[in-house]
Every structure is written in C-alpha cells, then in structure tokens.
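Have a look at the structure below before the remarks.
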Amino acid sequence: VGTMSKSKRNGVDPQALIQEFGADTARLFMMFTSPPEQSLEWSEEGVQGSFRFLKRLWRMVYEHVAAGVSKPYTTGELSVEIKALRYSTNHTIQRVTDDYGRRLQFNTAIAAVMELLNALGKVGDNAPIARAVKQSALETAVLLLFPIVPHIGQALWRELRPGSDIGNERWPQVDASALVQDEIELVIQVNGKLRGNITVPKDASREAIEKLALATENVK
C-alpha cells in the first residue's frame, strides 16, 4: 500500500489508519475521497465519516436481523412509502452499475449507497411485505459495496443470508418494473421564487396540477 499525501510535502502511512479503523474503512475513505489514479489528500474528518458510515450499515443490518431475517421482496401490493424504497433500491443498482462499469467513478457509487441507506432509515413500516423490501435494500447495499469493503460485506451477508457466501452471488439486477413511478414531484414557483412542491399522479392533467398548486398554503 502506498502513502497518502497529507500535503504537497508530507505523506501518511495508511497502515496506521488500517490498524485503528480496519482495512474496509481505509479503502472506503480512499475510494470516496479521490480517484485511484490521483494523489489523496489526508483528512481525519473524512476517515471518521467513512468509519461512521460503515458502523451505520452494520447497525441497520443487525437491527433488521434481530427482528427476523426476511426473504427478499418478489411480489405483492406495496404502500406508497415502501414502493418509494423499492424504487430507490433499483435506482441505486442502476447508478452504481454504471459508475463501476462505464464511468469508473467510485465516489459517486458510494454516495449512491449512502443515499439508499438514508431512504431506508426513514421507513417506519415493519409489516412483513415492508420487511421484505427492506431485506432487498440491505442486501443490495451490501452487494454493491462488497468490491470496496469485502470484510464487512462478507460478515453482513452471512447475517442477511445465513449459510450463504457473498462471493457466490451474482451482481444485483435492476427490476425495470420498480422504476416505473405512479407519481411525480413538481416544484412550485411564483414569480421565480420557490414556494414548495407537490406530488401528483404522473398522468394528471394540467388543470388538475394547477388546482393542486393553487391550493398549496404557501401559494395562497
């Protein structure tokens, strides 16, 4: 392993970072902070942020598993909230696959998984079908990060899928049906000033949208 540039004249041996936080945190920090072919600017805050993110992923998996491992979602009627999580999961697969394969942008791939965990953390529904979608989201997050953080990835996968090996799993595939949105969010502006947003059916008429916008409190 090479050295990380603390400034133009100094370097930091990553071995100390690995000993304190683990190899996965070191890799995540390096890949999130700078492209592999460029020098890396050392940041204690960045290292701590990477460590906190992995701890959050660990905690979310273990809290889910503590309530009982689910089978990943396959079919069934979903609430608006859970449908949105399923959309986020598949949209993240789409983004990360493109980042890894075509764009070779690892920082944006990691950021996409962070956004997925943020969306997952806001879901309060714990009905069986909701837990199945959460299971899918967590499995997806672990699989997408596995090339960067293999140690924690292996450990968490064994909890999510007891008896299985993440190394034998295929790369997550996008479910195109999950990316079809029934509703869209529109921004409301009055004389160029932002007044809020509304969620409307994707096939709503112009008249219906205008009526909803005019009924918004900030517009009134």
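Heavy-atom basis, side chains included; hydrogens, waters and symmetry copies ignored.
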CA sep, side-chain torsions, deciding dist, call: Arg95, Glu115, side-chain contact (heavy atoms from CB on, under 4.5 Å): CA-CA 11 Å; Arg95 290 174 59 187; Glu115 291 175 18; 2.8 Å; yes
Run Ile82 and Tyr73 through side-chain contact (heavy atoms from CB on, under 4.5 Å) and show every step you take. CA-CA 11 Å; Ile82 302 304; Tyr73 172 80; over 6 Å; no
Is there a side-chain contact (heavy atoms from CB on, under 4.5 Å) between Trp157 and Val61 once you walk through the steps? CA-CA 9 Å; Trp157 187 260; Val61 169; over 6 Å; no
Show your working on side-chain contact (heavy atoms from CB on, under 4.5 Å) between Leu194 and Val187 and close with a plain yes or no. CA-CA 7 Å; Leu194 180 64; Val187 173; 3.0 Å; yes
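Residues Arg52 and Gln48 meet the side-chain proximity criterion, which asks for heavy atoms closer than 4.5 Å. Under the 4.5 Å side-chain criterion, counting only non-hydrogen atoms from C-beta, Val142 is not in contact with Glu139. Annotation: side chain of Ile93 is in contact with side chain of Thr140 (closest heavy-atom distance under 4.5 Å). Side-chain contact check for Leu156 versus Tyr62: some heavy-atom pair is nearer than 4.5 Å. The closest side-chain heavy-atom distance from Ile188 to Val219 is below 4.5 Å. Here the side chains of Thr92 and Thr89 are not in contact, with every heavy-atom distance at 4.5 Å or above. Inter-residue side-chain proximity for Asn126 and Lys134 is flagged as met; some heavy-atom pair is nearer than 4.5 Å. The closest side-chain heavy-atom distance from Phe32 to Met114 is below 4.5 Å.
By the 6.0 Å contact criterion, CD on Glu45 is open, its count of non-hydrogen atoms from other residues, nucleotides or ligands being 12 or less. Other residues, nucleotides and ligands place no more than 12 heavy atoms under 6.0 Å from the CD atom of Glu77.
In the hydrophobic cluster analysis, where Ile, Leu, Val, Met, Phe, Trp and Tyr join through side-chain heavy atoms closer than 4.5 angstrom, Leu186 is grouped together with Leu214.
If you run side chain to side chain contact (heavy atoms under 4.5 Å, CB included) between Leu145 and each of Ile152, Val113, Val96, Asp24, only Val113 comes through.
A donor-acceptor pair under 3.5 Å links the side-chain atoms of Gln135 to the main chain of Ser70, judged by distance alone. With hydrogens and angles ignored, the 3.5 Å screen pairs no side-chain donor or acceptor of Thr25 with any backbone N or O of Gly22. The backbone N or O of Leu144 sits less than 3.5 Å from a side-chain atom of Tyr100, completing a donor-acceptor pair. Checked by atom type and distance alone, the side chain of Ser164 pairs as donor or acceptor with a backbone atom of Arg161 at under 3.5 Å.
Aromatic pair Trp171/Phe146: ring centres not closer than 6.0 Å.
We find that Glu210 and Arg206 are joined by a salt bridge, their nearest charged nitrogen and carboxylate oxygen being less than 4.0 Å apart. One finds a salt bridge joining Asp175 and Arg86 here, because a Lys/Arg side-chain nitrogen approaches an Asp/Glu carboxylate oxygen to under 4.0 Å.
Taking CG of Leu179 as the start and CG of Asn90 as the end, the distance is 5.5 Å to the nearest 0.5 Å.
For the residue pair Asn218/Thr216, the side-chain donor-acceptor check at 3.5 Å is not satisfied. A donor-acceptor contact closer than 3.5 angstrom links the side chains of Arg27 and His151.
Taking every heavy atom of both residues into account, Leu57 and Ala141 meet most closely at CD1-CB, 4.4 Å.
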